[in-house]
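In listed order, ligands and their atoms are each counted from 1.
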Amino acid sequence: MSTGFFGDLTPARYEGPESDNPLAFRHYNPDETVLGKRLEDHLRFAVCYWHNFVWPGSDPFGGQTFERPWFGDTMEQAKLKADVAFEMFDLLRVPYFTFHDHDVRPEGETHTESVSRLDEMADYFAGKMENGGPKLLWGTANLFSNRRYMSGAATNPDPDVFAYAAATVKACMDVTRRLNGENYVLWGGREGYETLLNTDMGRELDQLGRFLNLVVEYKHKIGYEGTILLEPKPQEPTKHQYDYDVATVYGFLKRYGLENEVKVNIEQGHAILAGHSFEHELALAATLGIFGSIDMNRNDYQSGWDTDQFPNNVPEVAIAYYYVLQAGGFTTGGTNFDAKLRRQSLDPEDLIAAHVGAMDVCARGLKAAARMIEDRALEMPLEERYAGWKDAEAQAMLKGERTLEEIAERVSREGTDPHPRSGQQEKLENIVNKYV
Ligand code: XUL
Ligand code: CO
């Protein structure tokens, strides 16, 4: 039986670019074939549980604006919340969802009680996921909201907090595996510090390295086949987060021997906070062989804060998917909307409109990216730019077959005089503009 929360709304349909229906897809037709693959299988959309069903609309100056019948801390309310969540997944026809333990069950008096409530909710989900219901893109543990984590989880000065966090991750990995989650995410919510005066950085990094190794060891022990993902973010909540950006995470993984075990979940808003573009983070992860999945939610460019807004900029999204496609597309990853409404958007319908619009923006972006790839529009100029490296002497330098002296000797013998060539940035930007 329906909860009635969404009134008489019916599942969103594809109606084509000319449709005036604000709750219909104009660009996202899941069955459309792009580069030989269905659009749904390219984009692998996921709706997140926390911003849609848990966040009350608060900001630093005011509390709850949303009134939802499931707000509260009973298991009955948790089940009502799940009913509404799965109704929304159906209305949007999204193939995936994502959640933290904390989003789906009220915290228990003890760790054991919290775990048994999580297990009960997982059973409840499993029933709704049967027969073509939505699948789990990733599960994760909330290791940042409760006050026990105020000084970090794995990086806490108190080993009891490290142990509590480890036990919590174990429970969340078990549930993720049971629900066939395709990835398991760790975002280091409070793995960082506020002041060096009370922080032993070397010790905290070693704690985090050991924690992540425990996770990977457990994954292999239970035969979990999903991908372990770290989600970089430079600051907020702590002033200095240890998993600042893709480059920092890669260095960390290398140091603790995990670069072949763990990949990254890259969030657009976090890339912006780190002073990068989304595509920089995507291309770097692909280059380093750690690209996994994305959180597709933008920040406000002026506020300097993680505002988690739904994507609405097609050119930006097109470039992002261009690098996702260049990386070979998603395997276990997907497009998770870690996005929330603005706090004045009170109506149930706003939740649907936000996601429909975001899915449309992503579909337009991906289709533009695919056309650029089909035409090799950016690939050909790139090939030409580096063509000099095909030369035998250039190859010999790269392969380590020339010493510094030999190179110097050749330059003076041949009177080598490089001629600068245009980088053609504006021409390339004009090419992109043709597609978006
Ligand atoms: C926080 C954030 C998280 C992670 C999952 O900025 O992005 O919601 O995606 O813990
Ligand atoms: Co995120």
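The side-chain heavy atoms of Asp338 and Trp50, taken from C-beta on, include a pair separated by under 4.5 Å. Looking at heavy atoms from C-beta onward, Asp300 lies out of side-chain contact with Trp305 at the 4.5 angstrom threshold. A 4.5 Å side-chain heavy-atom check between Leu91 and Pro11 finds at least one atom pair inside the cut-off.
Heavy atoms of Val185 come nearer than 4.0 angstrom to ligand 1 in no pair at all.
When non-hydrogen atoms are compared, ligand 1 lies under 4.0 Å from neither the backbone nor the side chain of Asn142.
Among the atoms of Asn265, none of the N or O lies under 3.5 angstrom from an N or O of ligand 1.
Nearest N, O or S atom of Glu231 to the Co ion (ligand 2): atom OE2. Among the heteroatoms counted here (N, O or S) of Asp295, OD2 is the one nearest to the Co ion (ligand 2).
The closest non-hydrogen atom to atom 9 (O) of ligand 1, taken over Glu231, His102, His51, comes from Glu231. Considering His270, Glu236, His100 only, the shortest heavy-atom separation from atom 6 (O) of ligand 1 involves His270.
Ligand-side atoms of ligand 1 in range of Trp50: 8 (O), range being under 4.0 angstrom from any heavy atom.
Annotation: angle subtended at the Co ion (ligand 2) by Asp338 OD2 and Glu267 OE1 is 90°, to 10°.
If you look at Phe86 and Phe125, their ring centroids are closer than 6.0 Å.
Remark: Lys219 is not positioned above the aromatic ring of Tyr184, lacking an NZ or CZ atom under 6.0 angstrom from the ring centre and at most 45 degrees off the axis.
Looking at Asp306, Asp295, Asp243 one by one, the single match for salt bridge (charged side-chain N to carboxylate O under 4.0 Å, His left out) with Lys233 turns out to be Asp306.
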CA sep, side-chain torsions, deciding dist, call: Glu182, Tyr96, side chain to side chain donor-acceptor pair (under 3.5 Å) | CA-CA 10 Å; Glu182 298 189 25; Tyr96 291 100; 2.8 Å; yes

